[in-house]
Structures are given as C-alpha cells and as structure tokens.
Amino acid sequence: MTGEEIVLGPLPKGITPAGQGMRNKVWNVLGHTYSMKAASESSFAFETLDPPGTGVPPHVHPTQDEHIYVLDGVFTLYLDGKWETAGPGDTVRMPKGLPHAYYNRSEDLARALFWVSPAGRLAQLFDELHDLEDPAEVVRVSTLYDVDFLPPGSVEGA
C-alpha cells in the first residue's frame with residue numbers, strides 16, 4: 001500500500017496494466033493480497049490472490065452489490081444459506097444484504113476480480129485493514145465501514 005489517499009469521483013479513463021494495481025494500491029488483508037483495479041463513486045474493483053486455506057467469513061454488505069469473476073482456482077462460497085463452488089470463468093453475484101462468505105479450500109492459489117457497486121468506503125476499509133493481524137480487530141473495524149460479519153458459529157461449515 002502506498003498510503004496515498006483514495007478520493008472517489010467519476011470513473012477515470014485509462015488502463016491498469018496486468019500485474020499492477022491502480023495507483024499501485026495493494027493491500028495485505030489476513031493473508032489475501034488485494035490490488036485495486038478501478039475506483040469511483042459508482043464502483044470499486046480489485047483483484048485478489050488467495051492462498052490455500054484463506055477465506056473471508058460470513059458477512060453482509062448492507063449497501064453494496066458485490067460480484068466475483070473467478071480467474072484461477074476454485075472458491076467455496078456461502079450464499080444465503082447454501083454452500084456452492086465457483087471456478088475459472090464463473091461469475092458470482094451477491095446482492096446487497098445477502099449473507100455470503102468465500103474460502104479457498106483447495107491446494108492451489110485462487111485469483112479473482114471482485115467489484116462492488118456503489119463503491120462505498122470499501123477501499124478506505126482496506127487501508128485500515130492493511131497488515132492488521134488480529135481477526136477480531138478486522139471484524140470490529142469492518143463494521144465502521146458498512147461490512148457486517150455474522151457472529152462466529154452462526155453458519156455451519158464457515
């Protein structure tokens with residue numbers, strides 16, 4: 001992460017080169033690497049690299065629709081009470097308010113493009129979570145940025 005402040009406005013034109021994040025914004029969040037690909041008031045997109053055994057527990061975005069386009073690997077997903085898998089080329093749609101989670105339970109690295117709409121304050125949340133190592137603190141801080149985690153143990157298999 002560069003420490004550069006994220007200021008949202010209209011979507012800027014241009015190309016984010018392969019292997020780079022927009023404005024070199026890269027975050028480490030509990031073992032995941034997130035690279036910003038696009039940011040505006042209307043949407044926020046980031047690429048993830050998810051090592052085996054990592055995941056994001058069940059949570060809700062009350063004000064944002066979220067999508068995942070799987071590039072490599074397989075994700076195990078919790079979507080509104082049901083466990084499913086998604087692999088390369090699959091698009092996962094999670095409307096605002098839908099409880100969801102994702103995990104890389106495979107032996108291989110997984111990679112995906114995520115985007116949310118509207119952008120909300122997710123990029124600013126990633127600034128706060130960068131290199132934070134305490135999962136309980138990640139959950140506490142996330143609630144300040146409109147990401148609400150479900151209580152531990154409330155979803156079987158999570």
Side-chain angles (χ1 to χ4, degrees), residues 1-2 15-39 43-62 64-117 119-143 145-158:
M1 187 184 73
T2 65
I15 298 170
T16 302
Q20 293 185 24
M22 184 180 175
R23 296 182 293 189
N24 296 318
K25 276 293 214 184
V26 179
W27 301 276
N28 172 34
V29 181
L30 295 176
H32 305 263
T33 301
Y34 297 162
S35 302
M36 181 168 39
K37 295 299 180 183
S43 66
F44 171 56
F46 55 100
E47 181 179 352
T48 66
L49 291 174
D50 303 283
T54 60
V56 178
H59 63 284
V60 173
H61 298 264
Q64 296 170 303
D65 292 331
E66 183 173 20
H67 305 80
I68 304 170
Y69 180 76
V70 181
L71 299 166
D72 297 308
V74 175
F75 287 111
T76 300
L77 301 141
Y78 174 77
L79 299 171
D80 196 24
K82 184 176 176 188
W83 287 98
E84 302 186 46
T85 59
D90 291 341
T91 300
V92 181
R93 297 174 312 280
M94 298 163 288
K96 64 183 169 188
L98 179 85
H100 63 279
Y102 84 96
Y103 298 92
N104 178 1
R105 293 186 171 155
S106 76
E107 302 278 325
D108 301 311
L109 185 71
R111 188 170 65 98
L113 178 66
F114 282 66
W115 66 98
V116 296
S117 180
R121 299 185 311 149
L122 197 56
Q124 291 86 348
L125 171 60
F126 291 168
D127 280 344
E128 295 294 324
L129 300 182
H130 179 66
D131 284 340
L132 198 58
E133 295 181 12
D134 179 8
E137 184 64 5
V138 168
V139 168
R140 186 194 71 74
V141 171
S142 295
T143 62
Y145 290 84
D146 301 322
V147 177
D148 302 323
F149 282 86
L150 278 59
S154 63
V155 173
E156 189 174 333

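The chain is numbered in sequence order, starting from 1.
- Side-chain contact between Val56 and His59: present, with at least one pair of heavy atoms (C-beta onward) separated by less than 4.5 Å.
- The shortest heavy-atom contact between Pro99 and Gly97 is CD-O, 3.4 Å.
- Closest heavy-atom contact between Gly55 and Tyr103: CA-CD2, 3.6 Å.
- Aromatic ring centres of Phe126 and Trp27: separated by under 6.0 Å.
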Handout entry: Worked verdict on Asp65 versus Val116 for side-chain contact (heavy atoms from CB on, under 4.5 Å)
Key = CA-CA 5 Å; Asp65 292 331; Val116 296; over 6 Å; no
Practice task
Show your working on side-chain contact (heavy atoms from CB on, under 4.5 Å) between Thr48 and Arg111 and close with a plain yes or no.
Solution key: CA-CA 5 Å; Thr48 66; Arg111 188 170 65 98; 5.9 Å; no
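- Side chain of His32 to backbone of Leu49: no donor-acceptor contact under 3.5 angstrom is found.
- Of all heavy-atom pairs spanning Glu133 and Pro135, the tightest one is O-CD, 3.2 Å.
- Using a 3.5 Å distance cut-off with no hydrogens or angles, the side chains of His67 and Trp115 do pair a donor with an acceptor.
- Residues His100 and His61 meet the side-chain proximity criterion, which asks for heavy atoms closer than 4.5 Å.
- Looking at heavy atoms from C-beta onward, Phe46 lies in side-chain contact with Leu122 at the 4.5 angstrom threshold.
- For the pair Leu98 and Arg93, the minimum side-chain heavy-atom distance is 4.5 Å or more.
- Taking the six-membered ring for Trp, Phe44 and Phe114 have ring centres at least 6.0 Å apart.
- Asp146 has its side chain out of reach of Gln64: every pair of non-hydrogen atoms, C-beta onward, lies at least 4.5 Å apart.
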Can you list, pair by pair, the side-chain donor-acceptor contacts under 3.5 Å of residues 77-91, counting residues two or more places apart and other chains?
{"residue": "Tyr78", "atom": "OH", "partner": "Gly81", "partner atom": "N", "Å": "3.1"}
{"residue": "Trp83", "atom": "NE1", "partner": "Glu156", "partner atom": "O", "Å": "3.0"}
{"residue": "Asp90", "atom": "OD2", "partner": "Gly87", "partner atom": "N", "Å": "2.8"}

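- With contacts defined as side-chain heavy-atom distances shorter than 4.5 Å, the pair Asp50/Tyr102 qualifies.
- Salt-bridge annotation for Arg140 and Asp134: absent, with no side-chain N of the basic residue lying under 4.0 Å from a carboxylate O of the acidic one.
- Of all heavy-atom pairs spanning Pro52 and Asn104, the tightest one is N-ND2, 3.5 Å.
- In this structure the side chain of Tyr34 never reaches within 4.5 angstrom of the side chain of Glu47, judged on heavy atoms.
- The salt bridge (charged side-chain N to carboxylate O under 4.0 Å, His left out) search around Arg105 returns none, not counting sequence neighbours.
- The backbone N or O of Val138 lies less than 3.5 Å from a partner atom in the side chain of Ser142, making a donor-acceptor pair.
- For the residue pair Val60 and Leu150, the shortest heavy atom distance occurs at CG2-CD1, 3.9 Å.
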Handout entry: side-chain contact (heavy atoms from CB on, under 4.5 Å) between Leu125 and Val141, intermediate numbers included
Key = CA-CA 8 Å; Leu125 171 60; Val141 171; 3.9 Å; yes
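- Within the 4.5 Å cutoff, no side-chain heavy atoms of Tyr145 are placed close to those of Thr143.
- Nearest heavy-atom pair, Pro62 versus Asp148, reported as atom, atom and distance to 0.1 Å: CG-OD2, 3.6 Å.
- Rounding to the nearest 0.5 angstrom, the gap separating the CE atom in Met36 from the NZ atom in Lys25 is 6.0 Å.
- Residue Thr54 holds its OG1 atom at 9.5 Å from CG of Leu30, rounded to the nearest 0.5 Å.
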